[in-house]
There are 2 protein chains.
Amino acid sequence: MVTIDLYDKTAEYFKALSHPTRIKIIELLSRNEMCVCEMMAVLNLDQSHISRHLMVLRANGIVKDSREGTKIYYTLKNKDIVKIIDEVKKIVGE
Amino acid sequence: MVTIDLYDKTAEYFKALSHPTRIKIIELLSRNEMCVCEMMAVLNLDQSHISRHLMVLRANGIVKDSREGTKIYYTLKNKDIVKIIDEVKKIVGE
DNA sequence: TGACTTTATTCGAAAAAACGAATATAATTA
DNA sequence: TAATTATATTCGTTTTTTCGAATAAAGTCA
């Protein structure tokens with residue numbers, strides 16, 4: 001049995017936050033749910049770029065998705081993460 | 001001129017937090033200043049492992065060092081980071 | 001069913017991070 | 001000055017992450 005340590009999990013979570021595109025996606029989702037095609041338009045990035053980063057966020061339990069027709073809408077599972085990002089932005093912005 | 005974007009800086013900061021050893025070092029320093037040899041003993045890791053992770057933390061402005069004789073003591077530059085780590089530990093621990 | 005839309009996944013290559021081992025540096029002390 | 005202690009840095013390698021491009025899958029609609 002492989003037990004994953006709390007420090008490993010915490011480090012993994014920080015790693016999920018360690019890409020500018022993923023941070024931007026989280027901020028977008030903090031305001032509205034959004035489908036991939038809308039993120040592409042707002043962030044001006046291609047589909048596979050967005051989609052791959054969403055995969056990381058999904059794998060870390062940060063976002064969840066729900067399909068509506070051909071579109072898939074994403075939302076944040078827990079909005080606490082937005083406050084954490086704001087705190088770090090404040091630290092690095094000083 | 002290369003301007004580094006706030007999102008890039010924020011992502012870099014999260015990357016600095018994305019290793020279990022670095023998180024442990026930050027927690028140790030949240031209680032006391034500490035030299036490398038003490039960290040080696042407490043964390044049971046070898047010198048170059050600790051030292052290299054301290055280099056990452058230094059490069060990101062998370063710790064600062066001051067020499068006393070042959071020893072170099074490290075402290076946190078900003079304790080806000082400890083609260084951020086606690087929040088993430090709480091999220092991933094649920 | 002076939003074309004179309006939207007999104008996910010895979011592939012191969014490039015870049016970055018991490019590691020163990022070795023070496024270098026800086027202060028101290030004999 | 002030589003040996004010692006404490007720490008930083010470098011080297012070569014392995015592992016992980018990222019990326020662009022291509023392909024696959026799932027739903028819709030004519």
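When each of B:Leu54, B:Val56, B:Leu45 is tested with B:Thr21 by the rule side chain to side chain contact (heavy atoms under 4.5 Å, CB included), just one qualifies, namely B:Leu45.
Under a 3.5 Å cut-off, the side chain of B:Asn60 and the backbone N or O of B:Ile62 do not form any donor-acceptor pair. Proximity of a side-chain donor or acceptor of B:Ser30 to a complementary backbone N or O of B:Glu27 within less than 3.5 Å is detected. Between the side chain of A:Asp5 and the backbone N or O of A:Tyr7 there is at least one donor-acceptor pair closer than 3.5 Å. Remark: the backbone N or O of A:Ile84 is not paired with any side-chain donor or acceptor of A:Glu87 at under 3.5 angstrom. Here the side chain of B:Asn78 pairs a donor or acceptor atom with the backbone of B:Asp80 at under 3.5 angstrom. A donor-acceptor pair is defined here as one N or O able to donate and one able to accept, closer than 3.5 Å; no such pair exists between the side chain of A:Arg22 and the backbone of A:Leu57.
In this structure, NE2 of B:His53 is placed 7 Å from P of C:dA18, rounded to the nearest angstrom. If you take CZ of A:Arg52 and P of C:dC11, they are 14 Å apart, rounded to a whole angstrom. Rounded to a whole Å, the CG atom of B:Asp8 is 15 Å from the C1' atom of C:dA15. Atom CG in A:Leu54 sits about 16 Å away from atom P in C:dT6, given to the nearest Å. Atom NZ of A:Lys15 is separated from atom P of C:dA16 by 16 Å (rounded to the nearest Å). As rounded to whole Å, 9 Å separates atom C1' of C:dT10 from atom CE of A:Met55. Taking atom CG of residue A:Leu45 and atom P of nucleotide C:dT7, one finds them 15 Å apart after rounding to whole Å.
Taking a 4.0 Å limit (strictly below) on heavy-atom distances, residues 62-76 of chain B reaches DNA chain D at B:Thr70, B:Lys71, B:Ile72, B:Tyr74.
A nucleotide of DNA chain D counts as in contact with chain A when one of its atoms lies under 4.0 Å from a heavy atom; the first and last such, 5' to 3', are D:dT17 to D:dT28.
Here B:Tyr73 contributes atom OH and B:Asn32 contributes atom CG; the two are 10.5 Å apart, rounded to the nearest 0.5 Å. Put simply, CD on A:Gln47 and CE on A:Met39 are 11.5 Å apart, with the number rounded to the nearest 0.5 Å.
Along DNA chain D, the nucleotide nearest B:Ser48 and the nucleotide nearest A:Gln47 are compared for position; the residue whose nucleotide lies closer to the 5' end is B:Ser48.
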